[in-house]
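Proteins get letters first, then strands, A, B, ... in listed order; numbering begins at 1 in each.
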Protein chains: 2
Amino acid sequence: MKLTTRGRYAVTAMLDLALNGEQGPVSLAAISQRQDISLSYLEQLFAKLRKNELVASVRGPGGGYRLSRDREHINVADIISAVNESTDSTSCQGKGDCQNGEACLTHQLWDDLSQQIHTFLSGISLGALTARREVKVVSERQARAGAKDSDIYTETLVNAKALNL
Amino acid sequence: MKLTTRGRYAVTAMLDLALNGEQGPVSLAAISQRQDISLSYLEQLFAKLRKNELVASVRGPGGGYRLSRDREHINVADIISAVNESTDSTSCQGKGDCQNGEACLTHQLWDDLSQQIHTFLSGISLGALTARREVKVVSERQARAGAKDSDIYTETLVNAKALNL
DNA sequence: ATTTACCCGACTAAAAGACTCGGGTATTTA
DNA sequence: TAAATACCCGAGTCTTTTAGTCGGGTAAAT
């Protein structure tokens with residue numbers, strides 16, 4: 001598991017897609033403008049996202065990308081792994097230079113941690129992230145208006161809490 | 001929060017220190033050999049770890065480094081932040097190029113996620129990681145020997161569970 | 001004194017990151 | 001069917017980060 005700006009770009013773009021993809025496909029040009037990411041770079045990222053079946057493309061005018069499944073079933077670990085493919089983590093496994101037991105021990109400890117991070121990020125879906133944002137926006141709006149909770153908002157709040165967000 | 005091989009080196013070195021520092025300070029040369037990390041690179045990393053008061057140095061023959069506080073009170077987020085200092089995350093904050101509201105929205109969502117990752121890693125101490133390893137080792141040993149739980153091992157097992165590891 | 005081992009800044013090769021460029025091809029609409 | 005849209009894709013480039021070397025220090029122990 002690696003966490004760089006590349007992964008940030010990918011998650012940002014996917015969030016944009018989740019937020020703006022309700023009515024039909026979203027073009028990369030639109031995402032490029034809104035998120036200030038270069039179009040060609042987006043194309044590269046989406047090529048990998050498509051290969052990993054996180055998005056589907058629609059060609060021609062009016063085309064673009066859409067999420068391949070609903071936002072609740074796409075998690076952050078999926079996205080980051082997809083765009084980071086190719087560069088393996090070059091752990092001691094595979095190479096023969098891990099003769100003494102001590103090195104293997106800490107390497108395994110690191111792999112263990114890495115696995116924990118992956119599991120953690122697997123538990124955060126695009127839907128959960130956007131819902132959390134909704135909760136914030138709504139709670140601010142409510143604070144200003146002094147309004148009472150409505151059913152849909154308390155529901156997302158409960159969901160967010162259940163997801164430990 | 002950024003997660004690269006540099007952070008992995010730092011955590012690995014700190015784990016080595018936690019495992020081998022019971023009897024006096026550990027020299028960087030020893031860590032360098034065991035973990036196969038260049039000595040000079042370790043010096044750079046430890047300069048930052050020392051500035052952040054995660055380790056303390058002992059100069060002269062027989063000297064080296066020791067953890068500045070016990071392993072339960074040093075967490076993974078501390079270590080990674082320490083060695084990644086300087087390179088800011090260049091989010092939209094600070095720069096003026098975040099005029100339209102849409103960009104800010106997803107940027108904030110990312111910052112939100114980043115914060116969650118940080119909180120998660122803050123909850124994992126060096127002690128917890130090494131304890132988890134102990135649990136594995138012990139459980140394997142027990143599986144081979146068919147032995148019964150001893151008090152100290154069940155204790156660490158319970159600790160690990162409490163920490164959600 | 002000499003050895004050990006931390007301390008520190010400057011420099012550098014190689015890799016990764018973040019693009020650009022220039023050509024495609026599928027699909028829609030006029 | 002021509003034109004426009006927008007995906008598709010490989011190759012090249014500039015910049016930053018990584019990981020490491022080099023060469024000199026300084027504090028402490030034997």
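Side-chain nitrogen and oxygen atoms of B/Ser57 include none within less than 4.0 Å of the OP1 or OP2 phosphate oxygen of C/dA5. Regarding contacts with the backbone of D/dC9, every side-chain N or O of A/Lys51 stays at 4.0 angstrom or more from both OP1 and OP2. OP1 or OP2 of D/dA19 lies within a sub-4.0 Å distance of a side-chain N or O belonging to B/Thr5. For B/Arg50 and C/dC7, the shortest distance from a side-chain N or O to OP1 or OP2 is below 4.0 Å.
Counting heavy atoms of neighbouring residues, nucleotides and ligands inside a 6.0 Å radius, atom CD of A/Glu53 does not exceed 12 of them.
Looking only at distances, a side-chain donor or acceptor of A/Arg71 sits under 3.5 Å from a matching main-chain atom of A/Ala18. No donor-acceptor pair closer than 3.5 Å links the side chain of A/Arg69 to the backbone N or O of A/Leu54.
B/Arg6 has its CZ atom 16 Å from the P atom of D/dT16, to the nearest Å. Going from atom CD of B/Gln33 over to atom P of C/dA5 covers 11 Å, rounded to whole Å. One can place CG of B/Leu3 at 16 Å from P of C/dA16, the figure rounded to the nearest angstrom. One interatomic measurement links the two molecules: CG of B/Leu49 to P of C/dC8, which rounds to 14 Å at whole-angstrom precision. Taking atom CG on B/Asp36 and atom P on D/dG20, their separation rounds to 8 Å, with Å as the unit. Whole-Å rounding puts the A/Arg8 CZ to C/dG17 C1' distance at 13 Å. Remark: C1' of C/dA5 and CG of B/Leu42 are 13 Å apart, rounded to the nearest angstrom. In this structure, A/Tyr65 places its OH atom 18 Å from P of D/dT5, rounding to the nearest Å.
Cluster membership for A/Tyr41 and A/Leu28, using ILVMFWY side-chain heavy atoms within less than 4.5 angstrom, is shared. Both B/Trp110 and B/Phe120 sit in one connected hydrophobic cluster of ILVMFWY residues. Membership requires side-chain heavy atoms under 4.5 Å apart, directly or through other members.
Taking for each of B/Phe46 and A/Ile37 the nucleotide of DNA chain C with the nearest heavy atom, the 5'-most of the two is the partner of B/Phe46.
Comparing D/dC9, D/dA19, D/dT18 by their nearest atom to the side chain of B/Tyr9 picks out D/dA19.
In this structure, B/Leu28 reaches the sugar-phosphate backbone alone: every heavy-atom distance under 4.0 Å involves primed, P, OP1 or OP2 atoms, never a base.
Each of A/Leu67, A/Leu126, A/Ile74 was compared with A/Leu17 under the side chain to side chain contact (heavy atoms under 4.5 Å, CB included) criterion, and only A/Leu67 meets it.
Using the six-membered ring where Trp is involved, B/Phe46 and B/Tyr65 have ring planes that are tilted, between 30° and 60° apart.
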When you check every protein heavy atom under 4.0 Å of nucleotides 21-30 of chain D, what one-letter string (B, S, -) results, 5' to 3'?
-> B---BBBBS-

